[in-house]
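See structure below.
Within every chain, numbering begins at 1; the chains are lettered A, B, ... in the order of the sequence lines, protein sequences first and strands thereafter. What you see below is based on every heavy atom in this structure, not just the backbone, and it leaves out hydrogens, waters and symmetry mates.
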Amino acid sequence: KAGVTQTPRYLIKTRGQQVTLSCSPISGHRSVSWYQQTPGQGLQFLFEYFSETQRNKGNFPGRFSGRQFSNSRSEMNVSTLELGDSALYLCASSPGRILNTEAFFGQGTRLTVV
Amino acid sequence: AQSVTQLDSQVPVFEEAPVELRCNYSSSVSVYLFWYVQYPNQGLQLLLKYLSGSTLVESINGFEAEFNKSQTSFHLRKPSVHISDTAEYFCVLASGNTPLVFGKGTRLSVIA
């Protein structure tokens with residue numbers, strides 16, 4: 001069974017640009033969550049999607065948005081990039097809501113904003 | 001509000017020595033607890049989990065953790081570490097319909 005796939009693995013963008021990251025969950029998983037990981041803040045929750053609906057949203061500005069498609073694949077978009085958006089963005093999937101089940105993580109997309 | 005505190009940001013230990021990575025949590029409701037491991041340039045992998053039942057849970061590679069409700073702790077232990085255990089370890093809490101709550105992580109460095 002294929003794992004969680006995140007593309008691209010690495011990105012370099014300029015301040016002010018926008019970026020779209022993609023996450024393909026494990027087949028059959030309906031829940032996708034996104035996290036931002038930085039050395040200073042650790043792992044911070046961005047969004048959770050379940051069956052194409054956003055169920056939870058973290059404390060991030062409106063420049064951060066996401067969506068989930070009918071095949072459970074998810075994208076997140078960051079507009080008007082800032083230097084502080086440089087981070088490892090991780091996606092996790094699970095069969096149902098991530099409660100008492102294991103969350104399976106992708107390898108992440110490392111975004112560098114210059 | 002729920003929170004997870006990992007008491008040590010870095011733990012150096014010699015190979016074959018025992019190690020304990022400490023985790024305390026705060027929650028007013030029932031919780032599920034997890035330990036995840038992250039190797040360099042990788043995502044997070046589940047190491048072990050406590051859902052209910054026996055308070056002592058084990059992983060396939062020799063780690064164990066004990067859920068202690070009175071102490072609100074979920075410390076991770078291994079009696080003898082290997083070089084390959086060098087990684088960052090995250091204690092994670094799940095509860096209700098709220099997102100996962102992550103500790104700040106503990107970087108375990110195993111010294112030959």
Side-chain angles (χ1 to χ4, degrees), chain A residues 2-10 21 23-26 31-51 53-60 66 87-112, chain B residues 1-10 21 23-25 27 29-54 57-60 63 65 67 74 87-107:
Chain A
V4 178
T5 303
Q6 290 189 246
T7 55
R9 286 293 311 278
Y10 301 93
L21 313 182
C23 172
S24 293
I26 291 171
S31 174
V32 172
S33 295
W34 289 89
Y35 301 85
Q36 182 195 64
Q37 185 178 24
T38 59
Q41 299 297 318
L43 275 141
Q44 294 186 285
F45 170 75
L46 282 156
F47 329 96
E48 178 199 355
Y49 289 90
F50 181 77
S51 295
T53 301
Q54 187 179 89
R55 299 290 179 155
N56 275 301
K57 187 177 191 302
N59 188 26
F60 278 81
L88 181 66
Y89 290 87
L90 291 166
C91 163
S93 78
S94 68
R97 300 290 302 278
I98 300 178
L99 299 172
N100 61 344
T101 56
E102 176 182 355
F104 294 81
F105 284 82
Q107 291 190 302
T109 294
R110 184 163 296 281
L111 172 64
T112 303
Chain B
Q2 295 152 338
S3 66
V4 174
T5 302
Q6 291 185 243
L7 295 150
D8 306 293
S9 59
Q10 296 189 63
L21 307 184
C23 171
N24 286 99
Y25 70 91
S27 176
V29 297
S30 298
V31 300
Y32 304 113
L33 291 162
F34 307 81
W35 277 98
Y36 279 83
V37 58
Q38 185 178 33
Y39 299 102
N41 297 314
Q42 299 291 319
L44 278 70
Q45 302 171 33
L46 181 70
L47 194 58
L48 45 76
K49 59 186 175 184
Y50 171 76
L51 305 180
S52 64
S54 173
V57 290
E58 298 175 352
S59 73
I60 58 173
F63 282 95
F67 173 66
F74 190 55
E88 188 148 21
Y89 293 78
F90 292 91
C91 183
V92 182
L93 177 155
S95 178
N97 283 329
T98 56
L100 296 177
V101 178
F102 288 80
K104 293 284 191 185
T106 297
R107 188 172 300 278

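Contacts between Q6(A) and chain B at a heavy-atom distance below 4.5 Å are absent for every atom of the residue. Contact annotation for F90(B): only side-chain heavy atoms (C-beta onward) come within less than 4.5 Å of a heavy atom of chain A. Contact of R9(A) with chain B is made through the side chain alone, with heavy-atom distances under 4.5 Å.
Counting non-hydrogen atoms of other residues, nucleotides and ligands closer than 6.0 Å to CZ of R107(B) gives a total of 12 or fewer.
Taking the side chain as every heavy atom from C-beta outward, F45(A) and N56(A) approach each other to under 4.5 Å.
Counting heavy-atom pairs closer than 4.5 Å to chain B, the top residue among Q44(A), R55(A), Q41(A) is Q41(A). When each of C91(A), G106(A), G58(A) is scored by its heavy-atom pairs under 4.5 Å with chain B, the top score falls to G106(A).
Taking each heavy atom of S31(A) and F50(A) in turn, the nearest pair found is CB-CD1, 3.9 Å. When all heavy atoms of L93(B) and S27(B) are compared, the closest pair comes out as CD1-CB, 4.3 Å. Between Q38(B) and L88(A), the shortest heavy-atom contact is NE2-CD2, 3.8 Å.
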